[in-house]
Structure formats: C-alpha cells, structure tokens
Amino acid sequence: MTSTLRTRFAPSPTGYLHIGGARTALFNWLFARHTGGRFVLRIEDTDQERSTEASTKAILDAMAWMGLTWDEGPFFQAERVGLHRNMVLKLIEEGKAYYCTCTPEALENKRKKALAEGRKPKYDGTCRNKNLKKTPGSVVRFRGAETGVTIVEDLVKGNISFNNEELDDLIIERADGYPTYNFAVVIDDAMMNITHVIRGDDHVNNTPRQILMYQALGFDVPKFAHVPMILGSDKTRLSKRHGATSVMAYKDMGYLPDALVNYLVRLGWSHGDQEIFSLPELVDLFTLDAVGKSPAVFNPEKLLWLNAHYIKEADTRRLLEEMKPLWPAEAKGRDDDFMQKVIADLQPRAKTLVEMASAAGFYFADDVLYDPEAAGKFLTADVADHLKALAASIESVEPFNKEGIESFLKDFIEKRGIKFKAVAQPLRIALTGKTVSPGIDEVMATLGSKCVRERILKAVAWIEMSASTNAS
RNA sequence: GGUCCCAUCGUCUAGUGGUUAGGACGCUGGCCUCUCACGCCGGAAACCGGGGUUCAAGUCCCCGUGGGACUACCA
C-alpha cells in the first residue's frame, strides 16, 4: 500500500474529448500535481458497441495538447474483464449478487408501466430470490440493501445522504459478459488504489450504489469530489448544439492551450479576483475547497478574450512554431526572421492564430491586392506627388526599423508641410491594400525598404492609371 | 413522477453575520492615435421569493419557486 494520493481520469472512448471532460481531467491533474500525487489515465471501453480506437487516440491527443500528462496508463478497462468477472463470481458466491433472466423487453415494459402509474421505475426484484444459475442471456445483479442510509461524504458538496431503499438492484454484468460501468469503475478504482475520485456531478446519484459495492467487496471507499457541470447558454448540459465542444476543435480554430486551460479552470474554481493563471501557478494554487458547487455556463467570448491575451503575451518564437501549419501558401519559403516580424506586428491584434494567418496575406503578396473601396477612396490624384517623393527617398532611411522610419516620416511631412493623416491611409492602402492594418512604421520595417518602395510606386501607377481611365 | 444537487450583475465569479456587495468577459462613454486593435479612465448592470434566528443576513435555518442531473444490459 502506498500513502500517496492518486487521482484518475476515466473517459469512455465514444467520441472526442469534450470541454466538460477536459475540465474534469484538468481538475484531477491539478489536484494530483498540487499534492505531489499521481494521475492515472484509464479508458473505459467496456461498451463494445460504441468504443473506438480513433476516439481513444483523439482523447489522448487532446490531453497531450493541453499538457495534461499522466503518470500511469492508459489502462483499458476492457482488458480487465477477467478481473471484473472474478469479482462478480465472488459476490455471487457470497450471496451479494445474483443471476437475473428478465429480458430487456420485459424490463422496459415494467418500467413504462410503473412510470405511467406514478410508481418508481426501479427493478422489482423478480429474480432476486430465485437463486438462478447462469444461462445464455442472463445478467448479474448486485443485491442492494433494502434498508438503511448511505452517506456520500463529498469534498465539494458536503455530506449527501441516500435511503438505500431508493437504490436499485443494478446490473453489474451484462449478458455479453462485460461489466457495467458502475461495477467496473468500483473494481478499477479500488484495484488502482485511487484515493480521490474527482468527476462530474452527474455521477452523484451513482455514488451511493458504488459505495455499497466497495463495502460488499471489502475495499476502502475513496474520497469523492463531484464538480458541477458545464452548461450551454440555455443552461442545459453542454452539447454540440451549443457550438464547438471538442477540445481539438479549439486547437483547429487557432486557440492556444494556455487559454483553454485558463478558461476551463475558472469554471467552478477561483482564487480571489485573479483571472490569469499559468499552469505552474495553477499547480501551486489549486485546491478542492476552492471549487464551487453551482454549475457554470460556458462563455465563448471570455475564452476568446483569454486567447487574445495569451497570443499577445506569447514569445514570438513560440508563435513561429504554432503558426507554421497555418500560414497561407504564399508564405512558403520565407525565412523565420521575416515571419517573426510578421507575427510581432500581428500579435497585439489577433484573437486567434487562424485570424492572424488570414490577416497576414499582404505581407507575402507579390502584388498587393487593393480593396476596391479603400483604393477608390484613398489612392487619389492629390496624394500621388507625396507618394512619389516618399518612394524616392525611402530607401535612404537608415536604420530601416520602426524608430528610423518614424523619424524619417516625421521629417518628411514637416518638410512638405502636411499632416501625417494626409498620407497615412493612402500609404496603408499602398502597403497592405486595406484600411486596417498594423502600424505603418511596423509594416514598413517588416516589409523592408525595397518592397516598400515598389509598393508605393505601384500605388502611384495605379493612381495615374485610374486618372487616365476616368479622363477618357 | 421519484431521488439528488444547485441558486450574487446577461455570463464567470469574490464574499464565510456588520462591505458604498468587489473583480473579469461582454456592452457602453471618453482618452491615446496613422487605421484597427492594445492600453488607460469612467458608466449601466446582481444578492430568486417568503418566513424565521440575530442588535445586525447575500452570508445561518425552514418553506416555496426556478434550473440542472440521475432514474439503461451508456459511461
């Protein structure tokens, strides 16, 4: 026996890792890391119908992306059925479980009838005392207590008590020989020495039955912590119809894992008024008693804000790597040095990496594509001379960086007796084709003097051409 | 229907008997400014209702109400 604290995350591989599961995983991971315990990953794939390997891989990938490293596993529950069966047999021998031959159809009918008549739709105990043998199609049920009270001592909700008579004789082994969730989870958590079960509070109603099984099997009951659910904007359980719920969908949309982690941890957990947390900081600060009891509505805007924050704060070298798969095709072949400058220009105003990539097009274009409306409005005959003069002297700017350009431009407008505003937008269109862009000095410095001169000249040509077209 | 959980601005939350009920997202007015962002300053915006307990209740208790979860041979 070890005295170190152990948590686990036990997703079922029936789809992608979703937001709710990710937060559960995060809490388990943080709690383990904070306490110096161990974090175990177990894949609950006993549903042969719905479990897929692709889902397992997707979940592992998503956890890795978020930085949730596990110390043991992944273990696969389906590979442990022998163990589960032995435990079932043990319970049967001890009279704590029994075979049941009721058909699913018969059960379903009884359930409907009971519901229609306003009675509890729980198992009626038909086979409970028949002392049946195993037969094809038979299942095994746990013999529940008919009296007494079971108390769940929950680390976030406090004590919750249940009358045992409310509890069903639930099926622990299916006709196909596989254990059901409520049984397998108990066996595995016990055998893996899980000390703290942190999971969604949709499991609270299962917990008393599980406690009864721990006791029937002679296992220590772990501590439970049920964290509230994450809801959609209509306050129902978060699902696809509320928008993206897959962790990796956020990666694809250009989110940084730091943002997702930071957002998720603040759903149900807080540390005073603090909003921004790094992972190491969370490991340091996270405790279960700061977890709230009430469910939280998922708010995509706040996540987006956090993402913008982390992009802004990120090291450009890191972004250089993150952005590599995202750049438009024209960016191919550009050196890292140039790309880092592009990133630095765009960083303060991008909310997602995808947005950054799509705003960067003009940096790589051989021919700047003018937004027709912008060009028509700002590339006018009266600015042609200014642009020409600019083109003529721009290559002499030394050094050709933000500061050098700034003072050159200041000098330039003073000499010509104009305001910067008079040429700013025309210049911007010439350089970027758009009315919205990073600062002109930054764009120039990134583009380089040769490119800047060419683009200005091209704008002059465009002005002259459109003037002659209008005249004819 | 039954069981269980939950309840502070639209949303995430701070609050642990005495506060002008704080912060954040979003919204909004202004400043900054070459555009857009960023940033900075300001604003609107909440204790679900009713009873108790107490000198004093967002905070404790009860009852309502509302919302959620579970009620599978899913997990």
Side-chain angles (χ1 to χ4, degrees), chain A residues 10-14 44-47 49-51 77 100 102-104 107-108 111 114-122 137-141 152 154 157-158 160-163 166-168 170-182 184-185 199-208 226 228-229 231 233-237 263 266-276 292-306 308-309 312 346-351 359 374 378 409 413 419-429 432 434-441:
Chain A
S12 62
T14 54
E44 308 223 324
D45 53 351
T46 49
D47 183 343
E49 304 274 308
R50 303 195 304 151
S51 298
Q77 195 160 59
C100 168
C102 296
T103 65
L107 256 19
E108 185 57 28
R111 210 184 341 266
L115 228 35
E117 291 169 10
R119 290 180 290 112
K120 298 178 206 301
K122 66 179 266 192
S138 67
V139 301
V140 179
R141 286 183 184 272
V152 178
D154 195 278
K157 307 235 182 216
I160 309 170
S161 67
F162 295 82
N163 285 320
E166 300 291 343
L167 277 22
D168 247 8
L170 84 198
I171 292 173
I172 58 178
E173 187 178 284
R174 293 183 270 223
D176 67 4
Y178 278 84
T180 54
Y181 165 75
N182 278 296
V185 75
R199 61 192 359 175
D201 74 4
D202 47 338
H203 287 285
V204 292
N205 285 301
N206 290 326
T207 309
H226 287 99
M229 314 231 69
L231 310 177
S233 49
D234 61 357
K235 308 231 178 178
T236 61
R237 191 186 184 130
Y263 179 70
R266 285 284 292 104
L267 249 33
W269 177 86
S270 61
H271 182 69
D273 282 340
Q274 190 171 342
E275 294 286 352
I276 307 293
K293 299 177 177 187
S294 49
V297 173
F298 184 77
N299 181 348
E301 276 86 36
K302 189 161 183 180
L303 171 56
L304 188 60
W305 169 75
L306 276 164
H309 169 83
K312 214 172 302 158
L346 264 15
Q347 231 176 318
R349 53 209 99 212
K351 288 193 187 316
F378 292 108
L409 251 19
I413 60 169
K419 293 285 184 194
F420 187 56
K421 270 189 195 292
V423 290
Q425 284 304 69
L427 238 190
R428 189 186 312 283
I429 313 298
T432 72
K434 301 179 294 182
T435 53
V436 172
S437 81
I440 285 171
D441 43 10

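Both backbone and side-chain heavy atoms feed into the values below; hydrogens, waters and symmetry mates do not. All chains are named by letter (A, B, ...) in the order of the sequence lines, taking the proteins before the strands, and each is independently numbered beginning at 1.
The gap from the C1' atom of B:C63 to that of B:C70 amounts to 25 Å, rounded to the nearest Å. Separating the P atom of B:G58 from that of B:G51 is a span of 13 Å, rounded to the nearest Å. Comparing the C1' positions of B:C32 and B:A37 gives an interatomic distance of 13 Å, to the nearest angstrom. Remark: the separation of the C1' atoms in B:U28 and B:G66 is 31 Å, to the nearest Å. Distance noted for atom P between B:C73 and B:G10: 42 Å (whole Å). Look at the P atom in both B:G50 and B:G39: the space between them is 41 Å, to the nearest Å. Comparing the C1' positions of B:A46 and B:G15 gives a spacing of 13 Å, expressed to the nearest Å. Of the C1' atoms belonging to B:U53 and B:C61, the separation is 7 Å, rounded to the nearest Å.
The side chain of A:Trp305 has B:A24 as its nearest neighbour among B:A75, B:A24, B:A69. For A:Arg349, counting side-chain heavy atoms from C-beta on, the closest listed nucleotide (B:C34, B:C36, B:A75) is B:C36. Set against B:A14, B:C25, B:A75, the side chain of A:Ser270 has B:A14 as its closest nucleotide. Closest to the side chain of A:Asn205, out of B:G23, B:C4, B:C34, is B:C4. Considering only side-chain atoms of A:Val139, the nucleotide from B:A75, B:C73, B:C70 that sits closest is B:C73. The side chain of A:Val297 sits closest to B:U11 out of B:A75, B:U11, B:C6. Comparing B:C73, B:G23, B:C34 against the side chain of A:Phe420 picks out B:C34 as the nearest. Out of B:C73, B:C34, B:C12, the shortest distance to the side chain of A:Ala175 is found at B:C73. When each of B:C25, B:A69, B:A75 is scored by its nearest atom to the side-chain atoms of A:Asn206, the top-ranked nucleotide is B:A75. Of the candidates B:G68, B:G23, B:A24, B:G23 carries the atom nearest the A:Asp273 side chain, counting heavy atoms from C-beta on.
If you check distances only, the side chain of A:Asp201 never reaches the base of B:C4 with a donor-acceptor pair under 3.5 Å. In terms of polar N and O atoms assigned as donor or acceptor, the side chain of A:Glu166 never comes within less than 3.5 Å of the base of B:G2 in a complementary pairing.
Of the side-chain N and O atoms in A:Thr46, one or more sit less than 4.0 angstrom from OP1 or OP2 of B:A75. OP1 and OP2 of B:U11 both lie 4.0 Å or more from every side-chain N or O belonging to A:Arg266. The phosphate of B:U33 has neither OP1 nor OP2 within less than 4.0 Å of any side-chain N or O from A:Lys421.
Within the nucleic acid shown, A:Pro104 comes within 4.0 Å of at least one base atom, counting heavy atoms only. In this structure, A:Gly268 reaches the sugar-phosphate backbone alone: every heavy-atom distance under 4.0 Å involves primed, P, OP1 or OP2 atoms, never a base. Residue A:Asn163 is classed as having no contact, given no heavy-atom separation below 4.0 Å to the nucleic acid. Nucleic acid contact class of A:Cys102 (heavy atoms, under 4.0 Å, all strands): base. Residue A:Asp47 is classed as a sugar-phosphate contact, given heavy-atom separations below 4.0 Å to backbone atoms only. Contacts of A:Ile440 with the nucleic acid, taken as non-hydrogen atoms under 4.0 Å apart, include base atoms. Contact annotation for A:Phe162: backbone-only contact, meaning every heavy-atom pair under 4.0 Å involves sugar-phosphate atoms and none involves a base. Nucleic acid contact class of A:Ser294 (heavy atoms, under 4.0 Å, all strands): sugar-phosphate only. Contact annotation for A:Glu275: base contact, defined as any heavy-atom pair under 4.0 Å involving a base atom. Looking at heavy-atom distances under 4.0 Å, A:Arg119 makes no contact with the nucleic acid at all. Heavy atoms of A:His203 sit under 4.0 angstrom from at least one base atom. Within the nucleic acid shown, A:Pro228 has no heavy atom closer than 4.0 Å to any nucleic acid atom. Across all strands, A:Ser233 comes closer than 4.0 Å to no nucleic acid atom at all (heavy-atom distances).
With a 3.5 Å ceiling on both atom-pair distances, the Watson-Crick or G-U wobble partner of B:C70 is B:G2. The partner of B:U65, taking Watson-Crick or G-U wobble pairs whose two distances both stay under 3.5 Å, is B:A7. Searching all strands for a Watson-Crick or G-U wobble partner of B:U20 with both distances below 3.5 Å returns nothing. Applying the Watson-Crick and G-U wobble criteria (two distances, each under 3.5 Å), B:A37 pairs with nothing in any strand. When Watson-Crick and G-U wobble pairs are counted only if both distances are under 3.5 Å, B:U53 pairs with no nucleotide at all. The partner of B:C27, taking Watson-Crick or G-U wobble pairs whose two distances both stay under 3.5 Å, is B:G43.
Going from atom NZ of A:Lys293 over to atom C1' of B:U8 covers 15 Å, rounded to whole Å. In this entry the distance linking NZ of A:Lys235 with P of B:A7 reads 12 Å, nearest Å.
For the residue pair A:Asn182 / A:Thr180, no side-chain donor-acceptor distance below 3.5 Å is found, with atom types taken as modelled. A donor atom on one side chain and an acceptor atom on the other are found under 3.5 Å apart for A:Thr207 and A:Arg199.
Where A:Lys312 and A:Ser437 meet RNA chain B, the nucleotide closest to each residue was compared, and A:Ser437 sits on the side nearer the 5' end. Mapping A:Arg111 and A:Asp202 onto RNA chain B by nearest heavy atom places A:Asp202 at the nucleotide closer to the 5' end.
Put simply, the residue from A:Leu231, A:Leu267, A:Asp201 that forms a side-chain contact (heavy atoms from CB on, under 4.5 Å) with A:Pro295 is A:Leu231.
For the pair A:Ala424 and A:Ile440, the tightest heavy-atom approach, listed with the atom from each and the gap, is O-CD1, 3.1 Å.
Ionic pairing of A:Glu301 and A:Lys351 is not present here: no N-O contact between side-chain nitrogen and carboxylate oxygen is shorter than 4.0 angstrom. Salt-bridge check for A:Glu173 with A:Arg141: failed, with every basic side-chain N at 4.0 Å or more from each acidic carboxylate O.
Counting non-hydrogen atoms of neighbouring residues, nucleotides and ligands closer than 6.0 angstrom, the CD atom of A:Glu117 exceeds 12 such neighbours.
The shortest side-chain heavy-atom distance between A:Leu167 and A:Pro208 falls under the 4.5 Å cut-off.
Aromatic ring pairs are classed by plane angle as parallel below 30°, tilted from 30° to 60° and perpendicular above 60°; the pair A:Phe298 and A:Tyr263 is perpendicular.
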